[in-house]
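Contents: one structure, followed by commentary.
Numbering of ligands and ligand atoms starts at 1, following listing order. No hydrogens, no waters, no symmetry mates; every other heavy atom, side chains included, goes into these values.
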Amino acid sequence: MNFQGQHLLSARTLSKEAIERILEVAKEMEPYAQKEEASDLLKGKVLATLFFEPSTRTRFSFETAMLRLGGSVISNYTMNESSSIKKRESLYDTGKTVSQFADVIAMRHPVEGAVKELAEGSEVPVLNGGDGGANHPTQGLLDIYTIHKKFGHFGGLTYGLVGDMKNSRVAHSQCRLIKNFGPAEARPKFICVAPQGLELPEDLKKELTDSGCEIRETTDLEEVIGGFDVLSNTRIQEERFENAEAFEKYRGVYSITPKLLEGAKEEMIILDPLPRVDDQLKVAVDDDPRAKYFEQIGNGVAVRMALLALVLGKI
Ligand code: NCD
């Protein structure tokens with residue numbers, strides 16, 4: 001698979017081989033991501049980060065990845081208010097324009113398909129940092145990288161996906177990335193724990209079962225947590241609800257607590273893309289050796305370094 005010049009818009013477009021290659025390169029990037037060694041692999045290259053939606057981890061980790069590989073960054077994180085989008089410039093023209101300055105673009109937008117629209121105008125690779133509730137491929141990759149670091153494989157594991165299965169672009173990307181791993185008789189198994197009304201979309205369920213994965217759905221976390229190898233927690237995606245009232249009935253529906261974790265396997269790992277709100281993940285869990293969500297953030301730098309180096313043809 002040749003990554004050079006390619007956009008990364010969705011986990012859907014990545015083959016198993018492409019995913020394996022990204023994970024392999026991310027491993028090579030670890031010394032630079034871990035601040036142990038300096039690199040000038042991307043010296044002279046410019047990353048533009050175009051954010052139309054709030055971000056802490058995704059934008060900083062893309063920018064850190066570029067800077068630690070010797071490249072430079074131009075950034076606008078209030079695109080709706082302070083770029084020519086405000087003057088009604090199209091996403092297509094914005095992509096055309098920014099690609100005259102930058103060698104690669106990372107972008108986030110609240111509307112599904114918006115990143116693709118900008119990519120159509122761009123003459124340089126565009127990496128999707130999240131569009132609507134649909135896609136967040138780079139987050140999915142860093143999540144599965146964290147899983148791979150622990151278990152060394154994906155097949156045969158039981159993934160407990162907890163939270164807003166309807167709107168979580170992170171959960172959707174994770175499933176799409178791991179669904180084809182493992183021998184046919186030991187595909188990943190997904191236990192989706194979501195409140196009524198926030199279940200995994202039907203088309204995604206079909207994608208997973210078509211790949212040979214088993215799916216179980218429940219609302220009761222306590223009952224199933226003992227079977228998880230990976231607990232992948234996600235926030236109820238407040239900003240995707242029609243109004244505050246619609247969200248309120250789900251606020252705080254699940255909470256990962258030390259007590260709840262007493263019923264989980266000792267070898268399980270806990271992932272969460274964060275931010276954490278409404279007690280979705282108690283601070284007291286941070287001391288649990290199974291908690292990997294801060295390590296997960298650091299892994300994001302290695303994975304994004306790999307993606308930048310690959311699409312820029314430097315590796
Ligand atoms: C996630 C996102 O933006 O989708 N955060 C992230 O990228 N680390 C998850 C979330 O906001 O709940």
Side-chain angles (χ1 to χ4, degrees), residues 8-12 26 33 49-65 75 77-80 106-115 126-147 159-177 192-195 198 200-201 204 230-241 247 250-256 269-282 285-286 291-305 307:
L8 174 55
L9 302 177
S10 166
R12 280 190 188 91
T49 50
L50 310 181
F51 277 59
F52 295 72
E53 208 183 41
S55 167
T56 298
R57 281 149 288 269
T58 303
R59 187 169 65 86
F60 282 153
S61 104
F62 264 117
E63 295 182 355
T64 304
S75 182
Y77 48 89
T78 56
M79 283 295 287
N80 272 329
M107 171 177 169
R108 168 173 288 184
H109 198 286
V111 178
E112 178 174 354
V115 179
V126 176
L127 305 173
N128 185 354
D131 64 331
N135 304 291
H136 197 349
T138 68
Q139 177 72 42
L141 284 164
L142 74 92
D143 298 340
I144 71 161
Y145 181 66
T146 308
I147 295 167
Y159 299 84
L161 307 178
V162 179
D164 187 346
M165 290 303 107
K166 179 178 174 205
N167 300 301
S168 172
R169 55 194 178 193
V170 174
H172 298 176
S173 299
Q174 288 173 346
C175 313
R176 289 203 165 100
L177 289 169
C192 299
V193 184
L198 298 185
L200 209 62
L204 179 51
V230 176
L231 162 55
S232 175
N233 198 40
T234 46
R235 180 177 63 94
I236 305 297
Q237 305 283 296
E238 182 173 359
E239 64 278 32
R240 311 279 175 235
F241 288 76
F247 164 71
Y250 297 112
R251 186 195 288 276
V253 59
Y254 297 116
S255 179
I256 310 299
I269 60 169
I270 308 164
L271 301 181
D272 193 314
L274 306 175
R276 60 175 152 196
V277 292
D278 301 324
D279 275 343
Q280 81 195 30
L281 179 59
K282 289 279 196 190
V285 174
D286 296 0
K292 296 288 179 216
Y293 35 91
F294 291 115
E295 187 183 317
Q296 191 183 345
I297 297 170
N299 289 337
V301 178
V303 167
R304 290 180 173 121
M305 280 177 168
L307 290 168

Worksheet entry | Intermediate values then yes/no, side chain to side chain contact (heavy atoms under 4.5 Å, CB included), Leu198 and Val253 | CA-CA 11 Å; Leu198 298 185; Val253 59; 6.0 Å; no

Item to complete: Ignoring hydrogens and angles, tell me if any N or O in the side chain of Gln237 forms a donor-acceptor pair with the backbone of Gly132 under 3.5 Å.
Response: no

Discussion item. Ring-plane angle category for Phe241 and Phe247, please: parallel below 30°, perpendicular beyond 60°, tilted otherwise.
Written reply: perpendicular

Practice prompt. Say whether, by atom type as modelled, one donor and one acceptor occur between the side chain of Gln296 and the main chain of Asp272 under 3.5 angstrom.
Written response: yes

Worksheet, complete the sentence: Close residues (non-hydrogen atom under 4.0 angstrom from ligand 1) work out to Arg57, Thr58, Arg108, His136, Gln139, Arg169, Val170, Arg235, Gln237, Pro273, Leu274, Pro275

Worksheet item: Is it true that Arg169 and Glu239 have a side-chain N and a carboxylate O under 4.0 angstrom from each other?
Response: no

Worksheet entry | Contacts of type side chain to side chain contact (heavy atoms under 4.5 Å, CB included), residue Ser55, not counting sequence neighbours | Phe51, Thr58, Arg59, Arg108

